[in-house]
There are 2 protein chains.
Amino acid sequence: MATTRIIDDDRLTAVGLLVEVHRGLTNKFAARLAQHGLSENELEILLRLGRTPNCQLRMSDLAAQTSLTTSGVTRVVDRLERAGLVARASCDTDRRGTWAVLTDTGLERVTAAVADHIEDVDRWYTGLLTPEQLTGLTDALRIVRDTVRPEAVAGIAEAARARTHVGV
Amino acid sequence: MATTRIIDDDRLTAVGLLVEVHRGLTNKFAARLAQHGLSENELEILLRLGRTPNCQLRMSDLAAQTSLTTSGVTRVVDRLERAGLVARASCDTDRRGTWAVLTDTGLERVTAAVADHIEDVDRWYTGLLTPEQLTGLTDALRIVRDTVRPEAVAGIAEAARARTHVGV
DNA sequence: TTCAATATTTTGCGCCGTCAACCATTGTTA
DNA sequence: TAACAATGGTTGACGGCGCAAAATATTGAA
């Protein structure tokens with residue numbers, strides 16, 4: 001007698017699995033990141049800045065990429081700025097906007113944090129799977145990502161053109 | 001000239017993908033759940049209760065299963081109790097403990113919510129993948145889940161034995 | 001030019017969940 | 001039995017983030 005309750009639907013457990021993995025990893029990562037004085041959101045913002053040609057991105061682009069609210073980005077950048085890892089620079093071409101610019105110490109900090117972080121990622125995630133499993137996983141995830149968050153690549157080209165210098 | 005910056009490590013983008021998918025799905029699901037007056041955490045607690053033999057679970061077991069804090073579970077159950085979806089019942093064998101028991105209206109509510117929710121899950125997640133992709137994905141996720149959250153199956157056997165009745 | 005409509009960011013307020021402290025109960029050891 | 005650590009749950013203080021409104025800058029139209 002198979003149970004056919006809607007509450008046991010396979011699709012439900014499939015998302016459940018994703019959620020559990022996400023939470024589990026987040027918890028595993030949090031401790032080490034805290035040693036570097038960073039939260040996951042802060043790390044992500046630093047990473048996105050660091051990957052950009054001139055290490056800078058508009059606040060609204062950060063919001064689009066991270067799926068934080070613009071308000072959320074404001075506050076995260078506030079903290080990072082207070083910590084000296086990011087600086088704000090006004091945008092010449094559109095004086096409504098502000099660049100968030102990764103400082104030198106910000107780059108150092110994120111580099112150090114990432115080195116440790118990758119160890120954890122490998123231990124708790126990528127290292128648990130065979131290469132085939134991993135590519136299968138990421139391919140599938142990419143399909144889902146592209147439909148649930150198509151806007152995730154904002155402002156990179158634009159930022160490459162601008163050249164705002166900070167520090168020094 | 002390949003870029004070899006640590007910040008671009010493949011493993012990093014692999015987790016990034018997972019995080020993006022999780023956030024994207026969460027956002028997609030939130031609206032519909034809100035129509036049923038539920039948050040994702042609330043739905044999860046109701047689901048876990050509903051899947052249990054007598055629709056009841058100890059507070060601490062809920063905490064272990066959901067990776068909320070016990071304090072967090074207290075507050076979520078507070079809200080659900082206020083809404084009449086869950087009731088608290090004292091535990092006979094250990095008077096420190098309390099059962100969270102799904103009420104009849106709670107069961108109705110979660111059933112209705114899940115019906116809609118599954119549609120969304122299918123549209124934004126499981127329905128986007130071929131059966132092979134999906135099983136590959138869940139198999140891989142299960143491997144990760146079992147190592148990052150081995151404690152995720154708490155209190156079910158125990159709850160089956162207890163038979164606390166609430167309402168009527 | 002002037003004014004309305006729009007875009008970018010910040011701020012006030014509130015919800016949600018964590019942390020740490022706390023109370024009640026249980027089990028253990030003597 | 002008393003004394004005490006360990007366990008289960010709740011509460012107060014606090015921080016992070018979203019929502020909506022405000023502040024500022026830009027664009028378009030008359």
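Within every chain, numbering begins at 1; the chains are lettered A, B, ... in the order of the sequence lines, protein sequences first and strands thereafter. All heavy atoms count here, side chains included; hydrogens, waters and symmetry mates do not. It should be emphasised that the depicted structure is a prediction, and the values quoted were computed from it without experimental measurement.
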Length of the [atom1]-[atom2] vector between [X] and [N], whole Å:
| X | N | atom1 | atom2 | value |
| --- | --- | --- | --- | --- |
| Leu80(A) | dG15(D) | CG | C1' | 15 Å |
| Met59(A) | dA7(C) | CE | P | 19 Å |
| Asp78(A) | dG15(D) | CG | P | 15 Å |
| Leu33(B) | dC16(C) | CG | P | 14 Å |
| Arg23(B) | dG16(D) | CZ | C1' | 13 Å |
| Arg58(A) | dT10(C) | CZ | C1' | 14 Å |

- Reading nucleotides 18-29 of chain C from the 5' end, what letters show protein touch, with B for base, S for backbone sugar-phosphate only, - for no heavy atom under 4.0 Å? BB----BBS---
- Looking only at atom types and distance, does a side-chain atom of Arg5(A) sit under 3.5 Å from a main-chain N or O of Gly50(B), one as donor and one as acceptor? yes
- Message: Measuring to OP1 and OP2 of dT9(C), would you say a side-chain N or O of Ser60(A) lies under 4.0 angstrom away?
- Response: yes
- Message: Restricting to side-chain hydrogen bond (donor to acceptor under 3.5 Å, both in side chains), what partner residues turn up for Arg142(B), sequence neighbours left out?
- Response: none
Sequence neighbours excluded and cut-off under 3.5 Å, please list the side-chain donor-acceptor pairs for residues 127-137 of chain A, or say none.
from: Thr130(A); atom 1: OG1; to: Glu132(A); atom 2: OE1; distance (Å): 3.3
from: Thr130(A); atom 1: OG1; to: Gln133(A); atom 2: N; distance (Å): 3.0
from: Thr130(A); atom 1: OG1; to: Gln133(A); atom 2: OE1; distance (Å): 3.4
from: Gln133(A); atom 1: OE1; to: Thr130(A); atom 2: N; distance (Å): 2.9
from: Thr135(A); atom 1: OG1; to: Pro131(A); atom 2: O; distance (Å): 3.3
from: Thr135(A); atom 1: OG1; to: Glu132(A); atom 2: O; distance (Å): 3.0

- Item | Beyond-backbone contact of Thr111(B) with Glu108(B), side-chain heavy atoms, under 4.5 angstrom | no
- Query: Do other residues, nucleotides or ligands put more than 12 heavy atoms under 6.0 Å from the CG atom of Asp10(A)?
  - Reply: no
- Message: If the condition is side chain to side chain contact (heavy atoms under 4.5 Å, CB included), which residues does Asp78(B) pass it with, not counting sequence neighbours?
- Response: Thr74(B), Arg82(B), Arg88(B)
- Using heavy atoms and a sub-4.0 Å distance, could you list which residues of residues 36-47 of chain A are near DNA chain D? By number, please. Asn41(A)
- Item | All salt bridge (charged side-chain N to carboxylate O under 4.0 Å, His left out) counterparts of Glu44(A), not counting sequence neighbours | Arg48(A), Arg23(B)
- Task: State whether a side-chain donor-acceptor pair under 3.5 Å links Thr105(B) with Thr103(B).
- Result: yes
